[in-house]
Novice: 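Structure incoming, see below.
Counting convention: from 1, in listed order, for ligands and their atoms alike.
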Amino acid sequence: MTIRPIDPTLMRVDAHGIRLIGSRCGACAEIDFPAQDSCRRCGATDMRVAHLGERGVLWSWTVQRFPPPSPPYVPRGREFEAFGVGYVELPGEVIIESLLTESDADRLWIGMPMRLTTFDVPGHCGEQATTFAFAPVTEGAGQ
Ligand SMILES: [Zn+2]
């Protein structure tokens with residue numbers, strides 16, 4: 001199966017999994033996602049590629065219960081399904097906004113351990129594309 005990242009500047013996806021691509025400032029080590037041309041902390045332009053961690057902690061979240069404006073949103077099917085959206089803190093790196101694989105509000109909590117995963121979505125031209133999402137880490141489930 002061909003994996004098509006919805007935006008190859010945001011992520012690397014291959015048979016080994018998915019990694020998010022951010023930037024690290026060569027002057028102060030600040031990490032940003034998406035990658036930036038200059039540092040938001042110190043303004044330096046010596047930015048390097050940073051492959052971000054795959055584990056994080058749910059920092060805040062909500063459940064999207066109605067379709068966002070389209071475009072840019074592309075519905076996954078005929079009927080809208082609610083989905084989780086959250087901020088996930090990658091320890092020592094950055095807090096990023098992400099889709100969540102869990103949309104049940106009773107199964108999400110601040111501080112919840114999360115792991116990066118792939119999530120298939122419709123692309124803008126009707127093709128299937130892959131984006132990133134974070135999934136709850138279930139203790140003892142071999143994840
Ligand atoms: Zn900097």
Side-chain angles (χ1 to χ4, degrees), residues 1-76 80-143:
M1 185 184 92
T2 303
I3 300 171
R4 291 191 179 88
I6 199 160
D7 185 343
T9 67
L10 297 178
M11 67 197 94
R12 189 197 74 209
V13 186
D14 59 26
H16 303 292
I18 181 170
R19 293 294 297 269
L20 297 179
I21 303 169
S23 56
R24 179 189 312 271
C25 176
C28 77
E30 180 79 359
I31 293 179
D32 217 337
F33 179 82
Q36 300 295 311
D37 293 331
S38 62
C39 178
R40 66 187 157 114
R41 184 175 184 210
C42 76
T45 56
D46 177 20
M47 305 301 284
R48 298 154 191 203
V49 171
H51 291 99
L52 304 182
E54 299 158 85
R55 296 281 181 143
V57 174
L58 191 56
W59 193 75
S60 188
W61 58 272
T62 190
V63 175
Q64 177 78 31
R65 298 186 190 280
F66 55 89
S70 182
Y73 174 72
V74 180
R76 295 185 80 195
F80 174 76
E81 290 181 38
F83 58 87
V85 181
Y87 287 100
V88 176
E89 181 174 15
L90 304 179
E93 295 183 339
V94 67
I95 296 172
I96 64 175
E97 184 178 359
S98 175
L99 281 170
L100 305 176
T101 61
E102 180 59 65
S103 61
D104 182 344
D106 292 335
R107 300 176 74 177
L108 293 168
W109 65 88
I110 292 171
M112 178 177 218
M114 307 291 285
R115 66 178 172 80
L116 182 65
T117 188
T118 56
F119 194 82
D120 291 333
V121 293
H124 295 287
C125 300
E127 78 289 5
Q128 180 174 294
T130 299
T131 189
F132 65 92
F134 276 85
V137 174
T138 306
E139 297 299 328
Q143 298 180 39

Novice: So with a 6.0 Å cut-off around OH of Tyr87, is the heavy-atom count from everything else above 12?
Specialist: no

Novice: Looking only at heavy atoms, which two atoms of Phe80 and Gln64 are closest? And how far apart?
Specialist: CZ-O, 3.6 Å

Novice: With the Zn ion (ligand 1) as the centre, enumerate protein N/O/S atoms below 2.8 Å in chain and residue order.
Specialist: Cys25 SG, Cys28 SG, Cys39 SG, Cys42 SG

Novice: Step by step, work out the salt bridge (charged side-chain N to carboxylate O under 4.0 Å, His left out) result for Glu54 and Arg115.
Specialist: CA-CA 6 Å; Glu54 299 158 85; Arg115 66 178 172 80; over 6 Å; no

Novice: Are any side-chain N or O atoms of Glu102 and backbone N or O atoms of Arg107, one a donor and one an acceptor, separated by less than 3.5 Å?
Specialist: no

Novice: For a quick test of your reading: what N or O donor-acceptor pairs under 3.5 Å do the side chains of residues 33-46 make, sequence neighbours left out?
Specialist:
residue, atom, partner, partner atom, Å
Gln36, NE2, Pro34, O, 2.9
Arg40, NE, Asp32, OD1, 3.3
Arg40, NE, Asp32, OD2, 2.9
Arg40, NH2, Glu30, OE2, 3.2
Arg40, NH2, Ile31, O, 3.1
Asp46, OD1, Arg48, NE, 3.3
Asp46, OD2, Arg48, NH2, 2.8

Novice: Stepwise, does the side-chain contact (heavy atoms from CB on, under 4.5 Å) test hold for Val88 with Trp59?
Specialist: CA-CA 5 Å; Val88 176; Trp59 193 75; over 6 Å; no

